[in-house]
Participant: 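If you scroll down you'll find the structure; I have some questions about it.
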Amino acid sequence: VTPPELQSAVKSCLEGFPHKRFVSQRLETQILEEGDKPHGSSQSNYFKFAQFASQDAALPALDDLHMSRLQPVEASACLLQEWESIANVLFHGSRTLPGAKLLAVGEQRDGGRNAYTHLFAVAWTIDKCTAVYCHLDPTYVECEIKVRGGLPIQWMNHLLSSLDFDGVVNVRSLVEFLAACTFGDKLPSKAWEDSWEIDQSRLYEECDGEINEKYLEQLFRA
């Protein structure tokens with residue numbers, strides 16, 4: 001699919017998700033594009049995807065993304081559990097849990113200092129929702145994960161169905177827009193929020209400015 005078709009499919013899905021019936025599928029595109037500053041820059045490979053997943057079928061693993069092997073070392077138990085449940089579906093090719101549905105949209109740019117991966121995902125279970133946003137910079141080894149859990153289904157459905165997509169011009173801005181709307185609104189009662197970042201002080205701890213390889217291995221497990 002083309003990037004505009006991918007964006008359109010995500011917007012259409014959000015209008016009725018998770019009640020809209022659909023078959024588990026992944027829409028993806030891989031394309032060479034100029035960077036944000038075309039002058040003096042070369043083309044980079046962009047991989048953009050949207051995945052709709054339920055119990056009906058498992059999809060091939062996205063095991064070649066920068067964040068496919070990411071492990072939030074020393075994150076809270078709640079954040080780690082939610083991250084792994086989504087990672088198992090996206091990066092390891094597992095089915096969703098019974099009764100659960102997943103919507104994920106992401107973009108990865110390969111190449112040099114400007115490489116990155118952005119991901120936004122929402123998981124619906126029988127009685128609650130979880131939202132996850134992750135930004136990873138593999139060149140400078142920087143990463144942030146945000147999670148909101150225990151979100152009321154009605155709250156999430158209302159939020160997603162009332163979004164105004166004016167100004168969303170590409171997949172990256174779509175990911176950032178969905179994350180900003182979901183995490184920028186007031187946290188509902190009884191829901192929880194947590195975040196995690198790579199510990200930069202530990203990354204270079206006792207290594208004379210060089211990366212701590214042991215910590216790096218923990219962050220990106222084989």
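Just so it is clear, the values below take in all heavy atoms, side chains as well, and ignore hydrogens, waters and symmetry mates.
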Participant: Taking side-chain contact (heavy atoms from CB on, under 4.5 Å) as the definition, give me every residue that meets it alongside Thr125, ordered by chain and number, with sequence neighbours left out.
Facilitator: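 Scan of Thr125 (side-chain contact (heavy atoms from CB on, under 4.5 Å), adjacent residues dropped) gives Ala100, Asp127, Lys128.
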Participant: Can you name the residues that form a ring-ring contact (aromatic ring centres under 6.0 Å, His included) with Phe177, not counting sequence neighbours?
Facilitator: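 By the ring-ring contact (aromatic ring centres under 6.0 Å, His included) rule, Phe177 matches Phe165.
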Participant: Ala115 and Pro138: which non-hydrogen atoms are nearest, and at how many Å?
Facilitator: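 What the structure gives for the nearest pair is O-CD, 3.5 Å.
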Participant: Not counting sequence neighbours, list each pair that qualifies as a side-chain hydrogen bond (donor to acceptor under 3.5 Å, both in side chains) and has a residue in residues 176-190.
Facilitator: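 Found Arg172-Glu176.
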Participant: Check whether any side-chain heavy atom of Tyr215 sits under 4.5 Å from a side-chain heavy atom of Val141, and report yes or no.
Facilitator: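 Sidechains of Val141 and Tyr215: no contact.
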Participant: State, with a plain yes or no, whether a side-chain heavy atom of Lys48 is found less than 4.5 Å away from one of Ile31.
Facilitator: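 Yes; the side chains approach each other to less than 4.5 Å.
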Participant: My understanding is that only residues two or more places apart in sequence, or in another chain, count here; which of them pass ring-ring contact (aromatic ring centres under 6.0 Å, His included) with Tyr116?
Facilitator: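 Counting only residues at least two positions away or on another chain, Tyr116 forms a ring-ring contact (aromatic ring centres under 6.0 Å, His included) with His118.
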Participant: Hey, does Ile211 have a side-chain heavy atom less than 4.5 Å from the side chain of Tyr204?
Facilitator: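 Yes, their side chains come closer than 4.5 Å.
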Participant: For side chain to side chain contact (heavy atoms under 4.5 Å, CB included), just list the numbers for Val175 and Leu119, CA-CA rounded to whole Å, side-chain angles, deciding distance to a tenth of an Å, and then say yes or no.
Facilitator: CA-CA 7 Å; Val175 172; Leu119 172 70; 5.8 Å; no
Participant: Only counting residues at least two apart or in another chain, list the ones meeting side-chain contact (heavy atoms from CB on, under 4.5 Å) with Ser173.
Facilitator: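 Ser173 satisfies side-chain contact (heavy atoms from CB on, under 4.5 Å) with Val168, Val169, Asn170 only.
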Participant: Rounded to the nearest 0.5 Å, how far apart are CD of Glu142 and CD of Glu197?
Facilitator: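 Nearest 0.5 Å value for the CD-CD distance: 9.0 Å.
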Participant: Compare every heavy atom of Ala58 with every heavy atom of Gly93, then report the nearest pair and how far apart it is.
Facilitator: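 So the two residues come closest at O-CB, 3.3 Å.
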Participant: Side chain to side chain contact (heavy atoms under 4.5 Å, CB included) for Asp194 and Cys78? Distances and angles first, verdict last.
Facilitator: CA-CA 8 Å; Asp194 200 359; Cys78 291; 5.5 Å; no
Participant: Could you grab the distance from atom CZ of Arg69 to atom CG of Leu219, nearest 0.5 Å is fine?
Facilitator: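 If we round to the nearest 0.5 Å, Arg69:CZ and Leu219:CG are 10.5 Å apart.
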Participant: If you define the side chain from C-beta out and look only at heavy atoms, does anything of Leu174 sit under 4.5 Å from Phe120?
Facilitator: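 Answer no - side chains too far apart.
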Participant: Just jot down the side chain to side chain donor-acceptor pair (under 3.5 Å) partners of Thr117, sequence neighbours excluded, or say none.
Facilitator: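 Once residues adjacent in sequence are excluded, the partners of Thr117 under the side chain to side chain donor-acceptor pair (under 3.5 Å) criterion are Gln108.
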Participant: Are Leu59 and Leu62 co-members of a hydrophobic cluster defined by side-chain heavy atoms under 4.5 Å apart?
Facilitator: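 Looking at the clustering, Leu59 is in a separate group from Leu62.
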Participant: When clusters are formed by joining ILVMFWY residues with side-chain heavy atoms under 4.5 Å apart, either directly or through shared neighbours, do Trp155 and Val122 land in the same one?
Facilitator: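 Yes, because Trp155 and Val122 connect within a single hydrophobic cluster, where side-chain heavy atoms sit under 4.5 Å apart.
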Participant: Checking Tyr133 now: which residues fulfil ring-ring contact (aromatic ring centres under 6.0 Å, His included) with it, not counting sequence neighbours?
Facilitator: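 Not a single residue meets the ring-ring contact (aromatic ring centres under 6.0 Å, His included) criterion with Tyr133.
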Participant: Assess whether atom NZ of Lys214 is packed by more than 12 heavy atoms of other residues, nucleotides or ligands within 6.0 Å.
Facilitator: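 No, NZ of Lys214 has 12 or fewer neighbouring heavy atoms, counting only those of other groups under 6.0 Å.
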Participant: To the nearest 0.5 Å, how far apart are NE2 in His158 and CD1 in Ile153?
Facilitator: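 So the gap between those two atoms works out to 15.5 Å.
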Participant: Do Val171 and Tyr46 have side chains that approach each other closer than 4.5 Å (heavy atoms only, starting at C-beta)?
Facilitator: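 Counting from C-beta outward, Val171 and Tyr46 never come under 4.5 Å.
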Participant: Who pairs with His66 by ring-ring contact (aromatic ring centres under 6.0 Å, His included), at least two apart in sequence or on another chain?
Facilitator: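 Residues passing ring-ring contact (aromatic ring centres under 6.0 Å, His included) with His66: none at all.
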Participant: What distance do Glu144 atom CD and Asp137 atom CG have between them, rounded to the nearest 0.5 Å?
Facilitator: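 Here the interatomic distance stands at 12.5 Å.
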Participant: Which residues pass the salt bridge (charged side-chain N to carboxylate O under 4.0 Å, His left out) test with Glu82, sequence neighbours left out?
Facilitator: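 If we apply the salt bridge (charged side-chain N to carboxylate O under 4.0 Å, His left out) test to Glu82, skipping adjacent residues, there are no hits.
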Participant: Tell me, please, which residues at least two apart from Asn88 pass side-chain contact (heavy atoms from CB on, under 4.5 Å).
Facilitator: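 Result, side-chain contact (heavy atoms from CB on, under 4.5 Å) vs Asn88: His92, Ser94.
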Participant: Heavy atoms only: give me the nearest Leu70-Ile145 pair and the separation to one decimal.
Facilitator: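 For Leu70 versus Ile145, the nearest heavy atoms are CD2-CD1, 4.0 Å.
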Participant: Which heavy-atom pair separates Thr96 from Ser54 by the least distance, and what is that distance?
Facilitator: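 Taking Thr96 first and Ser54 second, the nearest heavy atoms are OG1-C, 3.1 Å.
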Participant: Ignoring hydrogens and geometry, is there a side-chain-to-backbone donor-acceptor pair from Trp196 to Val73 under 3.5 Å?
Facilitator: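 Present.
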Participant: According to side-chain contact (heavy atoms from CB on, under 4.5 Å), who are the partners of Ser68, at least two apart in sequence or on a separate chain?
Facilitator: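 side-chain contact (heavy atoms from CB on, under 4.5 Å) list for Ser68, sorted by chain: Leu65, Phe91.
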Participant: Please name the pair of heavy atoms, one in Trp124 and one in Met156, separated by the smallest distance, quoted to 0.1 Å.
Facilitator: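 Smallest heavy-atom distance, with atoms named: CZ2-CG, 3.8 Å.
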Participant: Using the salt bridge (charged side-chain N to carboxylate O under 4.0 Å, His left out) criterion, which residues pair with Glu193? Sequence neighbours excluded.
Facilitator: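 Arg148.
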